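Structure first, commentary second.
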Amino acid sequence: PPANAPAMAQASSRDGLAFEAYLELLKARARGEGVSEATIERMTAGLTPNPRVIALDNNQPGSATTRGYPSMSNYIATHVDAARVGGGRAVFSQHRDQLARIERDYGVPGPIIVAIFGHETSYGRVKGDFDLARSLATLAWEGRRRELFAGEFVALMKIADRGFDRSQLVGSYAGAFGNPQLLPSVYLRLAKDGDGDGRADIFSNRADTFASIANYF
């Protein structure tokens, strides 16, 4: 048996559907929405369910297995510290002109854009390393929020079909990715090319990151 067989045995869907069978349904949906066969195959090769993703999803505040939400004061104390404030000031100073242009174009203040960038990924340093295809397929298959994650899986396939490698499409366990941690469907609707190079790269391009955050707001 595979080395991860015990861990895989802990994962199950709510309706008893085999992962392999459900993955074929996801592939068919992506195919029906115009994703190329080559992209579907390279993005789903070797996919297995990820039990850690299911465990993390079930332990989210407000889920069926948790009680309530953390207090706002504790949340602020955890997420607003000297390192984050200092990092934000440095990013704002470095990109002041670019942020001013984006603020004029979108009406969203530059400091707000930088604050979101800092909160979501510590200014691009912490973006997650989960294989998005595996995570989204797992969450859709598990079934607690099936339609949400099935839609996000297909949206991810559409992004991959634009020429992004599977190795680049990594992020949080729940499917958010890039500097601003956009879900795939949000990327398709709102990601922006901020520097005019014809590509909305929210992985490493700060102009695209800032424009996409501004467009989101």
Side-chain angles (χ1 to χ4, degrees), residues 52-53 55-63 65-132 135-136 139 145 148-149 152 155-156 159 164 167-197 199-217:
R52 177 161 168 72
V53 165
L56 287 168
D57 185 59
N58 285 335
N59 286 327
Q60 277 290 290
S63 71
T65 58
T66 64
R67 294 183 179 180
Y69 294 87
S71 71
M72 181 59 73
S73 60
N74 289 340
Y75 184 85
I76 292 173
T78 300
H79 291 273
V80 181
D81 55 23
R84 191 129 11 189
V85 172
R89 288 172 174 160
V91 170
F92 184 82
S93 177
Q94 181 182 359
H95 298 284
R96 186 183 302 271
D97 292 343
Q98 191 175 74
L99 287 161
R101 175 180 56 80
I102 290 172
E103 182 172 332
R104 287 194 302 271
D105 290 344
Y106 292 92
V108 180
I112 297 296
I113 295 170
V114 173
I116 296 300
F117 181 29
H119 173 75
E120 291 295 340
T121 58
S122 291
Y123 311 106
R125 289 192 297 271
V126 184
K127 292 182 279 192
D129 58 3
F130 284 87
D131 176 356
L132 295 178
S135 293
L136 291 170
L139 291 168
R145 292 182 286 172
L148 167 66
F149 288 116
E152 294 300 336
L156 180 71
I159 294 169
F164 290 101
S167 62
Q168 191 174 16
L169 293 171
V170 297
S172 77
Y173 78 88
F177 69 99
N179 285 325
Q181 293 288 281
L182 301 183
L183 285 171
S185 63
V186 176
Y187 176 93
L188 291 177
R189 285 192 299 115
L190 298 176
K192 286 293 183 180
D193 170 15
D195 59 4
D197 67 356
R199 187 175 177 87
D201 173 11
I202 63 170
F203 300 97
S204 57
N205 186 305
R206 288 196 172 181
D208 294 356
T209 296
F210 297 153
S212 296
I213 291 171
N215 195 45
Y216 182 95
F217 277 92

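Note that the structure is predicted; figures quoted are calculated from it, not measured.
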Looking at [atom1] of [X] and [atom2] of [Y], how far apart are the two atoms once the value is rounded to the nearest 0.5 Å?
| X | Y | atom1 | atom2 | result |
| --- | --- | --- | --- | --- |
| R145 | E152 | CZ | CD | 10.5 Å |
| L190 | S185 | CG | OG | 9.0 Å |
| I213 | I112 | CD1 | CD1 | 11.0 Å |
| I159 | L132 | CD1 | CG | 8.5 Å |
| L156 | L183 | CG | CG | 10.5 Å |
| F217 | Y106 | CZ | OH | 14.0 Å |

Any sub-3.5 Å donor-acceptor pair from [X]'s side-chain atoms to [Y]'s backbone N or O?
| X | Y | result |
| --- | --- | --- |
| Q181 | E120 | no |
| T78 | N74 | yes |
| D195 | A207 | no |
| Y123 | G88 | yes |
| S122 | V126 | no |
| Y187 | A200 | yes |

Side chains of [X] and [Y], heavy atoms from C-beta outward: is any pair under 4.5 Å?
| X | Y | result |
| --- | --- | --- |
| Q98 | F210 | yes |
| K127 | N179 | yes |
| L99 | E103 | no |
| L182 | I202 | yes |

For a quick test of reading the model, state the closest non-hydrogen atom pair linking [X] to [Y] and the distance between them.
| X | Y | answer |
| --- | --- | --- |
| G178 | T121 | O-CG2, 3.5 Å |
| A174 | L139 | CA-CD1, 3.9 Å |
| G175 | L136 | CA-CD2, 3.9 Å |
| G107 | P109 | O-CD, 3.8 Å |
| A211 | G194 | CB-CA, 3.8 Å |
| R84 | G118 | NH1-O, 3.0 Å |

TODO: Using the six-membered ring wherever Trp is involved, compare the ring planes of H119 and Y75 and label them parallel, tilted or perpendicular (cut-offs 30° and 60°).
DONE: tilted
TODO: Please indicate whether R101 has more than 12 foreign heavy atoms, meaning atoms of other residues, nucleotides or ligands, lying under 6.0 Å from its CZ.
DONE: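 For R101, atom CZ is crowded (more than 12 foreign heavy atoms under 6.0 Å).
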TODO: Take V85 and V80, measure what side-chain contact (heavy atoms from CB on, under 4.5 Å) needs, and give me the verdict at the end.
DONE: CA-CA 7 Å; V85 172; V80 181; 4.2 Å; yes
Open item on the list: What verdict does the side-chain hydrogen bond (donor to acceptor under 3.5 Å, both in side chains) test give for R206 and H95, after you've listed the backbone C-alpha separation in whole Å, the side-chain angles of each residue and the deciding distance to 0.1 Å?
Closed with: CA-CA 9 Å; R206 288 196 172 181; H95 298 284; 3.2 Å; yes
- [ ] Validate the cation-pi geometry between R189 and Y216: distance from NZ or CZ to the six-membered ring centre under 6.0 Å, angle to the ring axis within 45°.
- [x]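 No, R189 does not sit over the ring of Y216.
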- [ ] State whether a side-chain donor-acceptor pair under 3.5 Å links S212 with N215.
- [x]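 The criterion, which ignores hydrogens and geometry beyond distance, is not satisfied for N215 and S212.
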Task: Qualifying residue for side-chain contact (heavy atoms from CB on, under 4.5 Å) with F177, from F203, F130, F164 - done: F203
